[in-house]
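Shown next, in structure tokens, is the structure this report addresses.
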Number of protein chains: 4
Amino acid sequence: MFIEINFESNKPIYTQLVEQIIAGIAKGDLQAGERLPSVRNMAEDIGINMHTVNKAYQELRDRSFILIHRQRGVVINPQGVPKADEKYISILSEQFHPLIAESICRHLSKDKIQKIVTKIYESYQTKEGE
Amino acid sequence: MFIEINFESNKPIYTQLVEQIIAGIAKGDLQAGERLPSVRNMAEDIGINMHTVNKAYQELRDRSFILIHRQRGVVINPQGVPKADEKYISILSEQFHPLIAESICRHLSKDKIQKIVTKIYESYQTKEGE
Amino acid sequence: MFIEINFESNKPIYTQLVEQIIAGIAKGDLQAGERLPSVRNMAEDIGINMHTVNKAYQELRDRSFILIHRQRGVVINPQGVPKADEKYISILSEQFHPLIAESICRHLSKDKIQKIVTKIYESYQTKEGE
Amino acid sequence: MFIEINFESNKPIYTQLVEQIIAGIAKGDLQAGERLPSVRNMAEDIGINMHTVNKAYQELRDRSFILIHRQRGVVINPQGVPKADEKYISILSEQFHPLIAESICRHLSKDKIQKIVTKIYESYQTKEGE
DNA sequence: GTGGTCTAGACCACC
DNA sequence: GTGGTCTAGACCACA
């Protein structure tokens, strides 16, 4: 599992970390129950502050992607990530909305958007089968 | 054109304003060439500061959604918004990525995601035909 | 002498008017002693406010391009525009400075800049010989 | 890097700041990757408001002269400024036009203008070689 | 400590 | 009346 932080991005580092770990789970690179490096190690590995890693882990825990045990360290949620419910779909829709609105203004067809989404979806799926 | 700001949201007010105006254009509520309220009127209408509205307008101008005339106010770009190009699609994809990754973790099927996208897309399209 | 105002430009209308009249003189379209339309007529012709034309004429007079007679109307300075002096060259240099600085940052060679300047210069000269 | 603001000028303060920083880059006083003072420090140094500095920095960022890191401050674009393209040359030409038109009216020869341009160009170049 | 956001209130240029 | 600029001071997110 490689983490790559773009320090030039205006996306906060902890957010990049959160997203890359989620991407790792989506791809199957990180399996349920698998251990993640400790806050300290992760921070060293990628050359960022411990607090930043901690913030990312806290968020991942709050969103049920990981469990943090005082002794046993950090593991990908062995139960798997909770399935999408109505609430999640509602939040997801809210996030999609502005993207799709702008796409419509820019005359992107529904099909074209679907194709983009499919392409992204499958970029995760293919790896999941490994 | 109704604007509704959620002051509790962690999304900046000016961003909410930007997104709602883009949504208005996508829906066809705001037509090319149509005038938008002056910064001061808009600010008063929605109970926020003039500068916050101005910041939203500046961003919309930078992204070619509107034109700002020094004395004659603000209008929706009469030329229409520039069509999606490779660069836009690349940015759009980057924005979709983390959303789709999480959806996969939560076992949302490709079809289900497509349905959500379609529903949102059509929520704009139907109004555009009015 | 055609005046074309770009109402979408963020350059003030009166400035556009000033610049186009100067361009007209440079090209030889407007000869020393030639009459310009009255404030009222000019305003009507190009569909702008009288005050705006007036402001442009005032500036042209201040910069010695035109004379404004209460009775005889507005004429291109029959003496010709005063020749460049040290002061003018100093002002001109100040205006060139930021353009050239940015060009250097963008790795435009001196030759290339010279070519651009020559091209512009000659675009006026050719017409002057008509 | 000395910044000198003319508070009497009708040129906005933030524009003066933008131009002086670009001049600094052109001269080689500011190297790619070099840090600029924080908005607050810069503001204090030159006795203006933080927001005015911020506006200048935002413009420099939009024009790719600098990168702004949320927490780590502001640096000259380590990649260097993007090279001049057709679009830039077109904008540059538009800016040259009125200056050259007036120069022609004032009987400045093409050679004299070229000399002025050369002088300015070399005033940056010589320092760059230091 | 860094920039980002928001508010409030002022003056100015343009039309 | 319109947006543009500038100031002043506040709170927040990030690291």
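These values consider heavy atoms only, across backbone and side chains, with no hydrogens, waters or symmetry-generated copies.
Partners of B:V81 under the side-chain contact (heavy atoms from CB on, under 4.5 Å) rule, at least two apart in sequence or in another chain, are A:C105, A:R106, B:F65. A:E34 pairs by the side-chain contact (heavy atoms from CB on, under 4.5 Å) definition with A:L30, A:Q31, A:I76, not counting sequence neighbours. Under the rule for a side-chain contact (heavy atoms from CB on, under 4.5 Å), the partners of B:Q95 that lie at least two apart in sequence or sit in another chain are A:L99, B:I91, B:L92. Taking the side-chain contact (heavy atoms from CB on, under 4.5 Å) definition, one finds that A:D45 meets it with nothing, sequence neighbours left out. Every residue was checked against the salt bridge (charged side-chain N to carboxylate O under 4.0 Å, His left out) condition with C:R35, not counting sequence neighbours, and none meets it. Every residue two or more places apart in sequence or in another chain was checked for a salt bridge (charged side-chain N to carboxylate O under 4.0 Å, His left out) with D:R61, and none qualifies.
Counted within 6.0 Å of CZ on C:F2, heavy atoms from surrounding residues, nucleotides or ligands total 12 or fewer; the atom is thus considered open.
Between A:L17 and A:I46, the closest side-chain pair of non-hydrogen atoms falls below 4.5 Å.
Among residues at least two apart or in separate chains, there is no salt bridge (Lys or Arg N to Asp or Glu O under 4.0 Å) pair with a member in residues 89-100 of chain A. Sequence neighbours left out, the pairs with a member in residues 3-12 of chain A that pass side chain to side chain donor-acceptor pair (under 3.5 Å) are A:K11-A:E19.
With a heavy-atom cut-off of 4.0 Å to chain B, the contacted part of DNA chain F has its first and last nucleotide at F:dG1 to F:dC6.
Between D:N41 and D:S38, the side chains place a donor N or O and an acceptor N or O closer than 3.5 Å (distance only, hydrogens not considered).
Nucleotides of DNA chain F nearest to B:V39 and D:P12 differ in position, and the one nearer the 5' end is that of B:V39. Toward the 5' end of DNA chain E, the nearer of the two residues B:F7 and D:S38, judged by each one's closest nucleotide, is D:S38.
Looking at DNA chain F, the stems built from 3 or more consecutive Watson-Crick or G-U wobble pairs, each pair with its key distances under 3.5 Å, are E:1-14 with F:1-14.
Atoms CG and CE, on D:L36 and D:M42 in that order, are 5.0 Å from each other to the nearest 0.5 Å.
Near-neighbour residues of DNA chain F inside residues 40-56 of chain A, defined by a heavy atom below 4.0 Å, number-ordered: A:T52, A:K55. Against DNA chain E, the stretch residues 61-72 of chain D makes heavy-atom approaches under 4.0 Å through D:I68, D:H69, D:R70, D:Q71.
Among the atoms of the strands shown, none is found under 4.0 Å from any heavy atom of D:Y57.
Centroid-to-centroid, the aromatic rings of B:F96 and A:F96 come within less than 6.0 Å.
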